[in-house]
Each structure stands twice: as C-alpha cells, then as structure tokens.
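Inspection log for the structure reproduced underneath, given as structure tokens.
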Amino acid sequence: MTAISVGDIMTRNLLTLDQSATLKDAHDMMREKSIRHIPVVDTLTGKLMGVLTQKRMISTIMGLLSDYGVSALERRERLCRVVEIIDADFESVDVNAPLTEVVSFFLKNKHGCLTIVDEKQCLIGIVTSSDFVRLCAELLKARPSSSDKP
C-alpha cells in the first residue's frame, strides 16, 4: 500500500486575495464562501505571502469595534489591508509530503491549515482540518463494519 501524501487530500481550487485586498474584502469572502482561511498571494510573483485566518480577522474586527464603534466599522475595514494582519510566519510543505508529517504538524501546532507550495514558493493547495475529516469519513466507509464479519 502506498503512503497517502498531502497532495492526495489537499484543496486545490482555492479562494485567495492579493496584497491590495482589504479586511472588508476578506470579511465578505469568508462570510459569503463559508471559509476560515484565506491565502494571500503576490500578484506579480505568484508567491504565497501569508494566510489570513478567521481567528485573526475576528480579533482585528473586535479591536476596530472597540476603538471606533459599530458606525465606523465598515470604513475602518476598508482602510485595513490584509497584508497588515496576515500570518506571514507560516509553515508550508511540498505536495509530496507524507500525511504522517502533516498530522504531526497539526497536532503539535494546533493550526487550522497548512499551505502547500511548489519549489518557487507559489501556492498550489491548502490542507485544513476539514480535509482530514473528509479523509476519515472515506476511510470509515471503506472499513468493513462489525456486522459484515462472519
């Protein structure tokens, strides 16, 4: 049996933002698309700049609400660029990384996502806890149930 790699379970069709995007853009995207992580990519090089997490976004919005109030929130969201609040100190792995390494990363770091990049540091995918849940569901479906045993 061949080992499952991160490329086997990662999400490839990603929603991303570029360095000109605002917090308002990210907030709208997360709400409309029901996502919790948005990779930010440099439009000129295609390189991954960082990831905006829902947790970071909510924290920033709560700070804006506290400092400026509800009436100024949308305007302040439009003034805040995502590159100011992304997690730029992130780990990425190669598409061929074995899932055993990725599982260890998730358990040790308690992160909700891991980016997958090519040799030029360009984003090619992302793995989230949801991807692991989908894999678990597939493995459980493939496993014979106790009622199938003689």
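Val133 and Val103 fall into different hydrophobic clusters, where Ile, Leu, Val, Met, Phe, Trp and Tyr side chains are chained together by heavy-atom contacts under 4.5 Å. Both Met49 and Leu15 are part of a single hydrophobic cluster, where members link through side-chain heavy atoms under 4.5 Å apart. The hydrophobic clustering, which links ILVMFWY residues whose side-chain heavy atoms are closer than 4.5 Å, places Ile9 and Leu14 apart. Hydrophobic clustering keeps Leu79 apart from Met62 (ILVMFWY residues linked when any side-chain heavy atoms are closer than 4.5 Å, directly or through intermediates). Ile61 and Ile35 fall within the same hydrophobic cluster, where Ile, Leu, Val, Met, Phe, Trp and Tyr residues are linked whenever their side-chain heavy atoms come under 4.5 Å apart, directly or through other members.
Asp118 contributes a side-chain N or O that, together with a main-chain N or O of Cys122, makes up a donor-acceptor pair within less than 3.5 Å. Put simply, the side chain of Ser104 gets close to the backbone of Thr100: a donor and an acceptor are under 3.5 Å apart.
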- In sequence, state the C-alpha distance, the side-chain angles, and the governing distance for Leu114 and Val102, and then conclude on side-chain contact (heavy atoms from CB on, under 4.5 Å). CA-CA 8 Å; Leu114 181 62; Val102 176; 3.9 Å; yes

- Task: Decide yes or no on side-chain contact (heavy atoms from CB on, under 4.5 Å) for Leu52 and Asp87, but give the supporting numbers first.
- Result: CA-CA 6 Å; Leu52 178 62; Asp87 182 3; over 6 Å; no

- Query: Would Val51 and Ile86 satisfy side-chain contact (heavy atoms from CB on, under 4.5 Å), going step by step from the backbone distance to the final call?
  - Reply: CA-CA 5 Å; Val51 177; Ile86 60 173; over 6 Å; no

- Message: side-chain contact (heavy atoms from CB on, under 4.5 Å), that's the test. Do Ile116 and Asp94 meet it? Break it down for me.
- Response: CA-CA 6 Å; Ile116 316 307; Asp94 177 81; over 6 Å; no

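Closest of all the heavy-atom pairs between Ile124 and Met10 is O-CE, 3.8 Å. Closest of all the heavy-atom pairs between Val95 and Ser5 is O-OG, 3.6 Å. Residues Val41 and Gln19 share a closest heavy-atom pair of O-OE1, 3.3 Å. The heavy-atom pair separating Ala26 from Val82 by the smallest distance is CB-CG1, 3.9 Å. Gly125 and Leu123 get closest at one heavy-atom pair: O-CD1, 3.3 Å. The minimum heavy-atom distance between Met57 and His27, with the atom names listed, is SD-CA, 3.4 Å.
Applying the salt bridge (charged side-chain N to carboxylate O under 4.0 Å, His left out) test to pairs two or more places apart or on separate chains, those with a residue in residues 123-136 are Asp131-Arg134. Pairs engaging residues 53-64 under the salt bridge (charged side-chain N to carboxylate O under 4.0 Å, His left out) rule: none recorded [sequence neighbours left out]. Within the structure, every pair that satisfies the salt bridge (charged side-chain N to carboxylate O under 4.0 Å, His left out) test and touches residues 8-28, not counting sequence neighbours, is listed here: Lys24-Asp28, Asp28-Arg31. The salt bridge (charged side-chain N to carboxylate O under 4.0 Å, His left out) pairs that include a residue from residues 71-80 are Glu74-Arg78, where partners are two or more places apart or lie in different chains.
With sequence neighbours left out, Phe132 forms a ring pair (Phe, Tyr, Trp, His ring centres under 6.0 Å) with Phe106. With sequence neighbours left out, the ring pair (Phe, Tyr, Trp, His ring centres under 6.0 Å) criterion links Phe90 to no other residue.
For the atom pair OG (Ser129) and NE2 (His37), the distance works out to 6.5 Å, reported to the nearest 0.5 Å. A distance of 11.0 Å separates NZ of Lys33 from CD1 of Ile38, quoted to the nearest 0.5 Å. Between atom CD1 of residue Ile126 and atom OG1 of residue Thr11 there is a gap of 7.5 Å, rounded to the nearest 0.5 Å.
Side chains of Ile85 and Leu23 form a contact here, defined as non-hydrogen atoms less than 4.5 Å apart. A heavy-atom distance below 4.5 Å is not found between the side chains of Arg36 and Cys113.
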